[in-house]
Amino acid sequence: MEPVYPEFVPDGSLARGEMEALQDDIAEAAVFEDDLDFDPDRVTIDRDSDQRPLADADPPVIAGVDQAFLEDDRAVSAAVALRAGEVIETATAVAETAIPYIPGLLSFREGNAVLAALQALSVTPDLTVVDGSGRIHFRQAGLATHVGVTLDHPTIGVAKNLLCGTPREPIPERLAEGERIPIEADEGVTAPDGTVIGYAYQSRQYDSGSTSINPLYVSPGHRISASTAVDVVARTCGGYKLPEPTRLADSLADEAKGTFE
DNA sequence: GCGACAG
DNA sequence: ATCTTGTCGC
């Protein structure tokens with residue numbers, strides 16, 4: 001995979017206003033509806049789902065990317081590609097973090113590392129799960145959207161915290177596993193008020209007890225709708241809070257740090 | 001001026 | 001994100 005729109009490749013030397021203007025352009029080019037080359041219902045991490053003799057096609061390849069940071073100004077990005085829960089390829093890459101972490105401008109800090117890791121993959125995933133937000137972003141151009149549009153590749157953003165937007169209903173202390181609550185655009189988002197820009201999704205929950213797990217915040221990156229994005233994430237979670245592609249990329253990024261030190 | 005803010 | 005051992009609760 002390589003950039004289809006080089007003009008969207010994150011440039012950390014831009015002025016803040018220019019970065020935000022670029023995000024507006026990216027949001028304009030983003031497609032927040034299903035435009036996939038595979039059937040999302042065929043997404044699975046069940047290794048045995050492919051044992052049917054007459055399966056008409058291979059399950060789609062889903063990739064996950066995550067970053068870890070070196071002590072200098074470099075980010076290590078790891079990409080893991082899976083087909084039916086089977087790791088078929090991994091790749092890592094490093095890139096400079098031109099700017100510090102600034103809410104709303106994350107893609108200008110980590111975007112190049114992500115693009116480098118995805119380019120290092122020889123396989124072209126059918127969809128990539130990115131750590132961070134997609135459409136749940138002030139200008140509807142979070143890391144997942146920025147990367148997806150730049151590559152014109154289907155992406156989903158999975159964040160552990162909500163950046164902006166308003167839950168349709170207050171998030172309870174404890175959500176049951178599988179529950180999803182729409183996140184709607186408000187005054188702080190450049191989308192019509194009430195637009196569903198993502199979902200709070202409870203990927204895992206303890207059966208009972210005092211402690212509970214927080215939900216994930218899933219949003220479309222590019223070429224997928226908010227509801228399909230949650231469905232896909234639900235299909236890739238296997239007993240852990242994070243979807244398998246992201247979880248594996250997370251640990252790989254940590255291991256890879258030693259390689260670039 | 002205050003508050004809120006992915007990783 | 002990152003610094004970090006044990007520890008409380010499934």
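Note on naming: letters A, B, ... go to the chains in the order of the sequence lines (proteins, then strands), and numbering restarts at 1 for each one.
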Set out, in order, the CA-CA distance, both residues' side-chain angles and the distance that settles salt bridge (charged side-chain N to carboxylate O under 4.0 Å, His left out) for Asp231(A) and Arg180(A), then state yes or no.
CA-CA 10 Å; Asp231(A) 291 340; Arg180(A) 47 196 76 179; 2.8 Å; yes
Indicate yes or no: at least one non-hydrogen side-chain atom of Pro125(A) is less than 4.5 angstrom from one of Val61(A).
yes
For Glu86(A) and Arg83(A), run salt bridge (charged side-chain N to carboxylate O under 4.0 Å, His left out): C-alpha distance rounded to whole Å, both residues' side-chain angles, the deciding distance at 0.1 Å, then the answer.
CA-CA 5 Å; Glu86(A) 189 116 23; Arg83(A) 178 186 286 127; over 6 Å; no
Do His137(A) and Thr145(A) have side-chain atoms, one donor and one acceptor, less than 3.5 Å apart?
no
Presence of salt bridge, Glu261(A) and Lys257(A), under 4.0 angstrom
no
Consider only side-chain heavy atoms of I, L, V, M, F, W and Y, link residues closer than 4.5 Å, and tell whether Leu115(A) and Val129(A) are in one cluster.
no
Looking just at side-chain N and O atoms, do Asp66(A) and Thr246(A) make a donor-acceptor pair shorter than 3.5 Å?
no
Between CD of Glu71(A) and C1' of dA1(C) the distance, given in whole Å, is 13 Å
Dot-bracket notation for DNA chain C is requested: 5' to 3', Watson-Crick or G-U wobble pairs only, both distances under 3.5 Å, with ( ), [ ], | and . as defined.
..........
Just wondering, more than 12 heavy atoms not from Glu28(A) lying within 6.0 Å of its CD?
no
Other residues, nucleotides, ligands: >12 heavy atoms within 6.0 Å of Glu173(A) CD:
no
Less than 3.5 Å apart, which donor and acceptor atoms pair up between the side chains of residues 155-166 of chain A and the rest of the protein, not counting sequence neighbours?
| unit_1 | atom_1 | unit_2 | atom_2 | d |
| --- | --- | --- | --- | --- |
| Thr155(A) | OG1 | Ala144(A) | O | 2.7 |
| Thr155(A) | OG1 | His222(A) | N | 3.2 |
| Thr166(A) | OG1 | Asp186(A) | OD2 | 2.7 |

Counting heavy atoms not belonging to Tyr5(A), are there more than 12 under 6.0 Å from its OH?
no
So if I define the base as every atom that isn't primed, P, OP1 or OP2, how would nucleotides 3-10 of chain C read as a B/S/- string at a heavy-atom cutoff under 4.0 Å?
-------S
For nucleotides 1-7 of chain B, give me one character per nucleotide, 5' to 3': B if any protein heavy atom sits under 4.0 Å from the base, S if the only such contacts are to the sugar-phosphate, - if neither.
----BBB
Side chain to side chain contact (heavy atoms under 4.5 Å, CB included) filter on Thr124(A), not counting sequence neighbours, yields Met1(A)
Applying a 4.0 Å non-hydrogen cut-off, can you work out what Ala75(A) is touching in the nucleic acid: base, sugar-phosphate, or nothing?
nothing
Residue pair Gln140(A) / Thr190(A), side-chain donor-acceptor N/O under 3.5 Å
yes
Only Watson-Crick and G-U wobble pairs, only distances under 3.5 Å, only runs of 3 or more: what stems does that leave for DNA chain B?
none
